[in-house]
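Note on naming: letters A, B, ... go to the chains in the order of the sequence lines (proteins, then strands), and numbering restarts at 1 for each one.
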Number of protein chains: 2
Amino acid sequence: MNDLTIGALAKSAGVGVETVRYYQRRGLLSPNGARKGAFRVYDNDELARLRFIRRAQSLGFSLDEVGDLLALDEETDRERARAFALSKIADVESRIRQLEEMRSALQGLVTCCEHTEAPAPCPILHALANAAEPPPAPRGKAGARSARQTP
Amino acid sequence: MNDLTIGALAKSAGVGVETVRYYQRRGLLSPNGARKGAFRVYDNDELARLRFIRRAQSLGFSLDEVGDLLALDEETDRERARAFALSKIADVESRIRQLEEMRSALQGLVTCCEHTEAPAPCPILHALANAAEPPPAPRGKAGARSARQTP
DNA sequence: GTTGACTCCGTACTCGGGTACTGGGTCTAG
DNA sequence: CTAGACCCAGTACCCGAGTACGGAGTCAAC
C-alpha cells in the first residue's frame, strides 16, 4: 500500500535522494522504518513530512527551526506555532529593511552618476573610495544564491 | 609618515587582523609592501582601499565583485561601474520580492490562526502539513545571520 | 543469468566570509 | 633585560544546506 523507495519519495517531493538522506542525518526524517527486503520503504506520512519540511523552508525557516516546528503538536501547541510564525515575520521584515537600505544607497550612487558630466571621474567609484561616514559593518551577505530547482 | 601596522590598520577600518590577512589571501589587498624591520607597514592608501572593500560589501557586493570593482578605473570605467550598480540593484530588488512573498505567506497563516476558534487544531501546522500546492523549492536561505559588529 | 537501474552507508567536498590556533619572531616600555 | 603586546606564516576549522563519490549489495526485466 503505497510504499515508496527513497528515490520515488524524493521524486514525489521534488528533492534529491541525497537530500532525503541528509534530512535523516539531521533527524528531520527517521532513518529506521519499514523495510522491504534490503531497502527502506516510505509511506504517505513520511512523504507528507518531507513536504512539510520543504514548505516551512520556503517560508524562511531554517532546518533547525523546521525541527522545532515538527515537534509541535497540532492539537496543543497553537500558541507556540503562532509565536514562531510571528517572530519569523519580524525576522523577514528586518531583512527586507536592510535590503531596502542597500537599494537606496545604490540608487543614490546611480542617480548621482547620471547627474555628472562626461569627462569627470566616476562618482560611484569615487564615493566608494571616499565616503563621508566611517565604514559600516557589512550587512546583507550578498550571496543569496537562488534556490535549487532540483537540478 | 602615517605608517600603520596590520593591527592599527585593522582597527582603523573596524575589522579584525585576520580579516585583513584574509583579504590579502583573496587578492583584494597586496600582501607585499613596505616593511619596517620584520613587520609590514600600511599607508593611507591601503587604509582607503580596505574601507572601500567594506563599503562595497555593505552595499551587497560579494568579495569577488569587490575585486572587480577595485579593478575599475575611476577615470575611464564610469559605464562599467554604473552597470555594476544597476545590476546589483536588480539583484537586491529580487531578494526583496522573495522576502515579501514569504512575509505575506506567513502573515496569511497568522491571520488564519487568529480567526479560528480555540479548541481547533493549529491551522498553521495544519497548513504546513497539507498545503494545496506542490511544495515550491525553498527560496530564502533563512539564515541571514545578523551582520558582524566587529565582535 | 546477466544487464542496468537502483539502494545502502560512509566519508569528503562545495560555497562565502571569515575565525582560531600553533609556534615561532620582534618590538618597546619599564 | 625581561615581560607583555604585537606580528608572521601556515593550516585547520566554523556555519548551513546540501552535493558528490565510491564500493558493495539488491532487485526487476529480459
Side-chain angles (χ1 to χ4, degrees), chain A residues 3-11 13-42 50 53-54 56-58 60-68 91 137-151, chain B residues 3-11 13-42 50 53-54 56-58 60-68 91 137-151:
Chain A
D3 279 341
L4 304 162
T5 63
I6 193 172
L9 174 75
K11 201 165 189 180
V15 306
V17 168
E18 296 305 327
T19 302
V20 173
R21 282 197 218 288
Y22 174 66
Y23 292 166
Q24 289 177 339
R25 287 201 294 280
R26 299 265 316 211
L28 299 174
L29 296 171
S30 164
N32 332 316
R35 256 159 205 278
K36 202 149 141 189
F39 298 167
R40 165 92 209 258
V41 289
Y42 301 81
L50 178 49
I53 295 169
R54 291 256 120 184
Q57 231 186 341
S58 77
F61 294 94
S62 72
L63 291 183
D64 274 1
E65 289 168 334
V66 174
D68 295 349
D91 207 81
R139 291 165 174 269
K141 298 305 183 184
R145 3 264 303 96
S146 54
R148 49 157 293 162
Q149 311 281 51
T150 47
Chain B
D3 281 340
L4 303 162
T5 63
I6 194 173
L9 174 76
K11 201 165 189 181
V15 306
V17 167
E18 297 305 326
T19 302
V20 173
R21 282 196 218 286
Y22 175 65
Y23 291 167
Q24 290 177 340
R25 287 200 294 280
R26 300 266 316 210
L28 299 175
L29 295 172
S30 163
N32 333 316
R35 256 159 205 278
K36 202 151 140 187
F39 298 167
R40 164 94 209 256
V41 289
Y42 301 82
L50 179 49
I53 295 169
R54 291 257 120 184
Q57 230 186 339
S58 78
F61 293 94
S62 71
L63 291 185
D64 274 1
E65 289 167 334
V66 174
D68 295 351
D91 206 82
R139 293 168 173 264
K141 299 305 182 181
R145 2 268 307 95
S146 49
R148 48 157 294 162
Q149 311 281 50
T150 47

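- Rounded to whole Å, the distance from CG on B/D64 to P on C/dC15 is 11 Å.
- Atom CZ of B/R21 and atom C1' of C/dG18 are 14 Å apart (whole Å).
- A pairwise comparison of heavy atoms in B/V17 and B/A10 identifies N-CB, 3.8 Å as the closest pair.
- Note that the CZ atom of B/R54 and the CG atom of B/L50 stand 7.5 Å from one another [nearest 0.5 Å].
- Heavy atoms only, all atoms of each residue included: B/L4 and B/L9 are closest at CB-N, 4.0 Å.
- In the set C/dG16, D/dG18, C/dT7, D/dG18 carries the atom at the smallest distance from any side-chain atom of A/Y23.
- Across the protein-nucleic acid pair, B/N32 atom CG and D/dC8 atom P stand 12 Å apart, rounded to whole Å.
- We find that CG of A/L29 is positioned 13 Å from P of C/dC8, with the value rounded to whole Å.
- One can place CD of B/Q24 at 11 Å from C1' of D/dA9, the figure rounded to the nearest angstrom.
- The separation between A/D3 atom CG and D/dA28 atom P is 12 Å, rounded to whole Å.
- Checking the phosphate oxygens (OP1, OP2) of C/dG16, no side-chain nitrogen or oxygen of B/Q57 falls inside 4.0 Å.
- The distance from atom CZ of A/R35 to atom P of D/dC27 is 11 Å, rounded to the nearest whole Å.
- Residues B/V15 and B/V20 come closest through the heavy atom pair CG2-CG2, 3.8 Å.
- Here the side chains of B/Y23 and B/L63 are in contact, with some heavy-atom distance below 4.5 Å.
- Shown for residues 4-11 of chain B: residues whose heavy atoms fall under 4.0 angstrom of DNA chain D, namely B/T5, B/I6, B/G7.
- When the nucleotides C/dG16, C/dT19, D/dA17 are ranked by their closest atom to the side chain of B/R25, C/dT19 comes out on top.
- Residues A/F61 and A/V66 come closest through the heavy atom pair CB-CG2, 4.0 Å.
- The side chain of A/T19 lies closest to D/dG18 when the candidates are C/dG17, D/dG16, D/dG18.
- Sorted by first then second residue, the salt bridge (Lys or Arg N to Asp or Glu O under 4.0 Å) pairs that include residues 14-38 of chain A, not counting sequence neighbours, are A/R26-A/D64.
- In this model, the phosphate group of D/dA17 is not approached by any side-chain N or O of A/R54 to a distance below 4.0 Å at OP1 or OP2.
- Of all the heavy atoms in B/L28 and B/G67, the pair that sits closest is CD2-CA, 3.6 Å.
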Please enumerate all protein N or O atoms sitting under 3.5 Å from an N or O of nucleotides 23-30 of chain C, with distances to 0.1 Å.
unit_1, atom_1, unit_2, atom_2, d
C/dC27, OP1, B/A38, N, 3.3

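- Distances were taken from every side-chain heavy atom of A/E18 (C-beta onward) to each of C/dG18, C/dG17, D/dA20; the shortest belongs to D/dA20.
- B/R40 comes within 4.0 angstrom of sugar-phosphate atoms only, judged by non-hydrogen atoms across all strands, and of no base.
- Atom CD1 in A/I53 sits roughly 17 Å away from atom P in D/dG16 (whole-Å rounding).
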